[in-house]
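Here the structure comes first, spelled out in structure tokens, and everything after it is commentary.
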2 protein chains.
Amino acid sequence: MKTVLSAPRRAVRGRGEGAEARIVRSIGEAIADRRLAPGTKLAEESLAEVFGVSRERVRKVLLLLAQRRVVTLIPNRGAFVAKPTAREAREVFEARRVIERAVVEALDRNPRPLPDEMSAKLRAHLAREEEADRAGDRMSLIRLSGQFHLLLADFAGNATLAGILADLIDRSSLAIAAFERRSSHSCSATEHRRFVEALESGPPGAAMRLMMEHLDEVERQLDLDARSDGAVDLKSVFADRT
Amino acid sequence: MKTVLSAPRRAVRGRGEGAEARIVRSIGEAIADRRLAPGTKLAEESLAEVFGVSRERVRKVLLLLAQRRVVTLIPNRGAFVAKPTAREAREVFEARRVIERAVVEALDRNPRPLPDEMSAKLRAHLAREEEADRAGDRMSLIRLSGQFHLLLADFAGNATLAGILADLIDRSSLAIAAFERRSSHSCSATEHRRFVEALESGPPGAAMRLMMEHLDEVERQLDLDARSDGAVDLKSVFADRT
DNA sequence: CTGGTCCGTTTTGTGCACAATTCGTGGCGA
DNA sequence: TCGCCACGAATTGTGCACAAAACGGACCAG
């Protein structure tokens with residue numbers, strides 16, 4: 001019997017079983033962090049070179065990401081960072097409200113005060129968000145903001161639901177990247193803190209209201225008017241130009 | 001310019017662009033219909049032969065199905081029809097309650113009477129279910145039962161949420177296949193009819209209550225005790241045997 | 001009869017080569 | 001100058017061959 005159970009033969013960088021998962025995470029995070037804008041082409045060869053793996057492996061990864069709707073696969077054209085339509089964006093946020101409502105309901109059923117571990121982790125997370133906010137680290141802030149919602153889902157104890165929400169959060173990031181208004185940004189960190197405080201010591205239902213308002217607020221910061229969707233109306237774009 | 005836009009070069013059986021989607025559907029339905037029991041091995045070569053395609057294509061299909069948690073991929077061992085744990089089964093049903101609550105809420109916000117098209121489609125579907133029930137066509141009944149819930153989600157107008165629910169319904173089928181009690185079966189068709197009637201002419205909230213009871217009922221027909229999960233306790237199994 | 005090891009067969013995993021398609025460029029004619 | 005066509009380069013799609021691993025049975029020792 002082999003004595004080594006974990007971390008078997010993984011000497012070569014980029015190889016090994018977990019390589020695909022690593023690349024999926026890597027690309028997924030790059031998209032969530034908005035370092036890859038919607039519509040960006042993801043050429044197989046380039047990615048293969050970047051990650052030091054063969055093209056087929058990249059191909060597999062792209063297929064997985066396409067399944068999660070974070071990448072769009074166009075036959076004979078290649079893979080592109082998904083560019084959600086306004087309708088899809090609205091649907092994603094609606095879906096999030098549906099799921100997160102259930103999450104918060106479950107959390108709000110916890111006896112007060114909250115379990116120590118939960119409280120501690122939430123507050124630790126808030127601290128990191130606020131730190132990123134102070135430092136002006138916008139990228140970290142975006143990622144942490146998503147992780148906050150995921151953390152809540154984990155506490156709700158339904159891994160299936162949490163997995164679904166994880167996908168929806170990634171797609172939210174895409175929607176935000178695609179439809180964010182130029183000027184705007186209310187601080188998620190602040191709203192998250194208020195939510196946690198309501199969860200810990202607010203009246204029943206207060207946390208829920210804050211969460212719904214938070215999600216509404218995030219969606220409201222997007223420009224989801226019909227014209228943003230599909231083909232742009234060139235006439236109106238150049239209307240008042242000479 | 002080519003004159004043929006649809007169905008281009010698809011002469012050879014099994015080829016063409018839509019081949020993968022067809023195979024995914026085919027296998028997915030076989031699983032949902034419980035003609036493929038949980039744990040069944042899905043050998044690549046066999047499937048390739050059955051569907052008349054190359055092995056790599058089958059491989060791709062299996063990867064997609066694995067992503068939907070309807071198939072489990074074990075490295076160097078192959079693909080198997082997923083066998084959910086009791087915990088996962090509970091989570092799936094909980095997730096369905098969360099999503100279907102939202103669906104029914106949306107539907108219940110429709111003005112009475114319901115739009116003609118919706119009402120007609122629902123009643124047509126009920127008729128098909130009852131027909132299958134009378135004919136004792138258990139397989140059709142199972143499939144139609146799932147489609148009923150999906151139909152409701154479609155009417156709710158959120159394709160994203162409907163897509164998520166579609167996955168959950170497939171996984172419900174797996175859970176039922178894995179945990180169904182020997183003796184038991186309340187008729188879904190009857191409960192579906194009552195639900196539609198409540199939606200069409202019942203007081204507000206009645207439809208919701210029926211739907212939640214329906215989902216509870218379906219789950220209650222499963223044997224989700226801890227012992228069914230994971231390794232069986234041989235001691236208790238053979239306790240009163242000589 | 002139990003337990004273990006070895007080896008052949010079967011099945012899965014991976015890289016490579018080539019086919020097919022698309023896109024960009026340049027030439028040609030009106 | 002504009003439009004069209006064709007050709008070439010680059011990129012994606014697919015089959016194939018081989019490598020790697022697991023399964024099953026035979027064989028053997030205790």
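Note that this is a predicted model, so its numbers are computed, not measured. Side chains included, hydrogens not; waters and symmetry mates left out as well; all remaining heavy atoms used. Below, read A as the first sequence line, B as the second, and so on, with proteins coming before strands; counting in each chain starts at 1.
Partners of B/Lys121 under the side chain to side chain contact (heavy atoms under 4.5 Å, CB included) rule, at least two apart in sequence or in another chain, are B/Glu117, B/Phe155.
In this structure the side chain of B/Glu100 reaches within 4.5 angstrom of the side chain of B/Leu165, judged on heavy atoms.
Under the side-chain hydrogen bond (donor to acceptor under 3.5 Å, both in side chains) criterion, the residue pairs touching residues 24-40 of chain B are B/Asp33-B/Arg143, with sequence neighbours excluded.
With rounding to whole Å, B/Leu62 atom CG is found 11 Å from C/dT12 atom C1'. Counting to the nearest Å, the P atom of C/dG15 and the CD atom of A/Glu20 are 10 Å from each other. Atoms CG (B/Leu73) and P (C/dT11) sit 17 Å apart, rounded to a whole Å. One atom, CD of B/Glu56, and another, C1' of D/dG15, lie 6 Å apart when rounded to the nearest Å. When rounded to the nearest whole Å, the span between CG of A/Asn76 and C1' of D/dG13 equals 7 Å.
Taking each heavy atom of A/Leu73 and A/Ala66 in turn, the nearest pair found is CD2-CB, 3.9 Å.
In this structure, CZ in A/Arg138 is found 10.5 Å from CG in A/Asp133, a value given to the nearest 0.5 Å.
The side chain of B/Ser54 contributes no N or O atom lying less than 4.0 Å from OP1 or OP2 of D/dT14. Of the side-chain N and O atoms in A/Arg77, none sit less than 4.0 angstrom from OP1 or OP2 of C/dT21. A sub-4.0 Å separation between OP1 or OP2 of C/dT12 and a side-chain N or O of B/Arg59 is absent.
Positionally, the nearest nucleotide of DNA chain D for B/Lys60 lies more toward the 5' end than for the other of B/Lys60 and B/Arg55.
Within residues 42-49 of chain A, no residue places a heavy atom under 4.0 Å from DNA chain C.
For A/His149 and A/His192, the gap between ring centers is short of 6.0 Å.
Closest approach to the B/Lys41 side chain among C/dT11, C/dG15, D/dA22 is made by C/dT11 (side chain taken as heavy atoms from C-beta onward).
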